[in-house]
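Working notes, beginning with the structure itself.
One is the number of the first residue; the rest follow in order along the sequence.
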Amino acid sequence: MKYTEEEVVALLRQKSKRGFDYLYENYSRAIYGVISGVIQDEDDAQDLLQEVFVKIWNNFSQYDDSKGRLYTWMLNIARNASIDKTRSKEYKKDAKNQSLDYSVNAINSSNSSSISVDHIGLDKLIDSLKEEHKVLVEMIYLQGYTQAEVAETLNIPLGTVKTRIRNAILSLREKVVEP
């Protein structure tokens with residue numbers, strides 16, 4: 001069964017298990033993607049994914065749909081939890097005490113054909129944009145905001161957001177495509 005965002009929110013406000021199951025089934029991969037971008041260890045990332053969904057369930061009463069989409073709210077929880085995890089003493093201690101096997105596996109996996117966003121230099125490309133373009137790209141493509149949400153948040157017209165994001169994409173394309 002497919003639910004609209006409003007229906008999912010209504011189910012979660014009622015503390016419906018069906019709503020939570022739907023939420024997990026449809027959003028856990030995206031949330032895991034955010035977490036694994038910060039937390040490199042797969043086991044730690046999986047554990048944090050579970051913690052994030054528990055946090056979403058326990059704190060759902062704090063979600064305010066007038067301030068943004070459910071997806072954006074959940075991404076922010078995941079990002080903040082990931083950052084908090086990396087700042088924790090336990091995580092820093094574990095990172096210092098990684099076994100040799102883990103280091104070898106990390107080296108081997110970095111030689112694999114899968115490429116992470118950081119390895120292809122996307123961060124540097126985005127940083128090379130004009131500030132007004134950089135902010136929009138980060139909000140829309142990295143934080144999950146819609147163009148309308150960005151327009152409202154930054155208090156600029158929607159048409160301006162659309163024009164600037166198009167110009168940002170064209171600028172990125174020029175930097176990526178070889179002459």
Side-chain angles (χ1 to χ4, degrees), residues 4-6 8-9 23 26-42 44-46 48-49 51-53 55-56 59-60 62-89 91-92 95-96 106-107 109-179:
T4 66
E5 184 172 312
E6 292 78 21
V8 172
V9 169
L23 190 75
N26 290 280
Y27 292 97
S28 61
R29 291 185 74 179
I31 300 296
Y32 181 77
V34 169
I35 293 169
S36 64
V38 178
I39 306 295
Q40 301 302 316
D41 182 71
E42 190 174 331
D44 287 345
Q46 287 288 345
L48 191 58
L49 176 66
E51 291 174 27
V52 165
F53 271 91
K55 193 175 284 191
I56 289 168
N59 297 316
F60 195 76
Q62 296 175 9
Y63 170 65
D64 182 358
D65 52 358
S66 70
K67 292 184 178 179
R69 295 176 44 218
L70 175 61
Y71 179 67
T72 305
W73 181 74
M74 292 189 314
L75 285 179
N76 284 330
I77 290 174
R79 188 186 71 238
N80 292 340
S82 300
I83 292 168
D84 289 347
K85 177 79 171 175
T86 63
R87 290 178 178 163
S88 72
K89 286 182 182 179
Y91 185 83
K92 288 178 183 177
K96 286 180 184 177
I107 291 168
S109 67
S110 71
N111 292 334
S112 72
S113 61
S114 65
I115 301 172
S116 76
V117 172
D118 292 336
H119 290 111
I120 61 172
L122 190 57
D123 286 339
K124 289 180 184 174
L125 283 173
I126 292 172
D127 284 340
S128 71
L129 293 172
K130 291 183 194 175
E131 189 61 32
E132 65 187 22
H133 292 164
K134 179 181 165 184
V135 169
L136 296 179
V137 168
E138 287 176 347
M139 288 180 77
I140 292 172
Y141 294 107
L142 302 179
Q143 297 175 0
Y145 285 85
T146 64
Q147 290 178 348
E149 289 171 336
V150 170
E152 185 179 320
T153 302
L154 299 178
N155 198 25
I156 56 178
L158 180 58
T160 303
V161 171
K162 290 180 179 185
T163 301
R164 286 181 184 172
I165 200 67
R166 183 177 187 288
N167 290 336
I169 298 303
L170 290 173
S171 178
L172 287 171
R173 186 175 292 149
E174 287 175 9
K175 293 171 195 249
V176 172
V177 176
E178 295 180 27

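- To the nearest 0.5 Å, the span separating CG on L48 from CD1 on I39 amounts to 6.0 Å.
- Closest non-hydrogen pair, S28 versus L49, comes out as O-CD1, 3.8 Å.
- The backbone N or O of T160 lies less than 3.5 Å from no partner atom in the side chain of T163, so there is not a single donor-acceptor pair.
- For the side-chain contact (heavy atoms from CB on, under 4.5 Å) test with R164, the passing option among V135, L129, I156 is I156; the others fail.
- Note that CD1 of I140 is 10.5 Å distant from NZ of K162, once rounded to the nearest 0.5 Å.
- For K134, the salt bridge (Lys or Arg N to Asp or Glu O under 4.0 Å) partners two or more places apart in sequence, or in a different chain, are D127.
- Applying the ring pair (Phe, Tyr, Trp, His ring centres under 6.0 Å) rule to Y27 yields the partners Y71; only residues at least two apart in sequence or on another chain are considered.
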Practice item. Start with the C-alpha distance between I31 and I77, add both sets of side-chain angles, then the distance that settles side chain to side chain contact (heavy atoms under 4.5 Å, CB included), and finish with yes or no. Key: CA-CA 9 Å; I31 300 296; I77 290 174; over 6 Å; no

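- Taking each heavy atom of E149 and R69 in turn, the nearest pair found is OE2-CG, 2.8 Å.
- You'll find the side chain of I126 stays beyond 4.5 Å of the side chain of Y141, heavy atoms only.
- Contacts of K67 classified as side-chain contact (heavy atoms from CB on, under 4.5 Å), with partners at least two apart in sequence or in another chain: D64.
- One finds the CD atom of E51 at 12.0 Å from the CD1 atom of I56 (value rounded to the nearest 0.5 Å).
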Check your understanding: Passes side chain to side chain contact (heavy atoms under 4.5 Å, CB included), D65 versus W73? Steps please.
Key -> CA-CA 9 Å; D65 52 358; W73 181 74; over 6 Å; no

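- Across all their heavy atoms, V150 and Y145 have their closest contact at CG2-CB, 3.6 Å.
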Review point. Going through the distances and angles, do M74 and L23 end up as a side chain to side chain contact (heavy atoms under 4.5 Å, CB included)?
Key: CA-CA 10 Å; M74 292 189 314; L23 190 75; 3.7 Å; yes

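- When all heavy atoms are compared, the tightest approach of A81 to K55 is CB-NZ, 4.4 Å.
- Considering all non-hydrogen atoms of both residues, L75 and A30 come closest at CD2-O, 4.4 Å.
- Among all heavy-atom pairs drawn from L70 and E5, the shortest one is N-OE2, 2.9 Å.
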Point to revise | Intermediate values then yes/no, side chain to side chain contact (heavy atoms under 4.5 Å, CB included), V9 and F60 | key: CA-CA 9 Å; V9 169; F60 195 76; 4.1 Å; yes

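- Remark: the backbone N or O of D44 is paired with a side-chain donor or acceptor of D41 at under 3.5 angstrom.
- In this structure, the side chains of K130 and N167 stay at 4.5 Å or more apart for every pair of heavy atoms.
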